[in-house]
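In what follows, a structure is listed as structure tokens, so that the remarks can point back to it.
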Amino acid sequence: NARACAVEHPPVRLNVRGFDVRIHRRTRNSIYGVGDGVGLCVCNMPTGVLVCTYRPPIEAGEAGPIIEGFCDKVRT
């Protein structure tokens, strides 16, 4: 389970193509960030990388489990 592998890191701020993104969570296979009203998730997959974005009304606390669940199913 990827959530069990979550490690606390200090927040990191990045500028991605003009968007300021604050990375708020990292797991063994994923990185989650929020910036300028958009959520960003980057997941390591067996055959590449999955990049997801989400916007309100979806919150980071809702998006994370949905994305991780999808990735877990694809990885098996």
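Remember, predicted model here, so these are calculated numbers, not experimental data.
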Can you check whether Asn29 reaches Arg75 side chain to side chain, under 4.5 Å on heavy atoms?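 Yes. Closest side-chain heavy atoms under 4.5 Å.
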
With sequence neighbours left out, the residues meeting side-chain contact (heavy atoms from CB on, under 4.5 Å) with Glu62 are Ile58, Glu59

Item to complete: Establish whether Val51 and Val21 are linked, either directly or via other cluster members, by ILVMFWY side-chain heavy-atom contacts under 4.5 Å.
Response: yes

So CD1 of Ile67 and OH of Tyr54: to nearest 0.5 Å the spacing works out to 6.0 Å

Query raised in the report: Passes side chain to side chain contact (heavy atoms under 4.5 Å, CB included), Val12 versus Arg22? Steps please.
Result: CA-CA 6 Å; Val12 174; Arg22 182 181 58 86; over 6 Å; no

Using the rule given for side chain to side chain contact (heavy atoms under 4.5 Å, CB included), can you reason through Val74 versus Asp72, listing the C-alpha separation, both sets of side-chain angles and the distance that settles it, and then say yes or no?
CA-CA 6 Å; Val74 171; Asp72 288 345; over 6 Å; no

Using only atom types and a distance under 3.5 Å, with no angle test, would you say the side chain of Thr76 pairs donor to acceptor with the backbone of Lys73?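 Present.
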
List, one per line, each side-chain donor-acceptor pair under 3.5 Å for residues 31-44, sequence neighbours excluded.
unit_1: Tyr32; atom_1: OH; unit_2: Glu68; atom_2: OE2; d: 2.6
unit_1: Asp36; atom_1: OD2; unit_2: Asp20; atom_2: N; d: 3.4

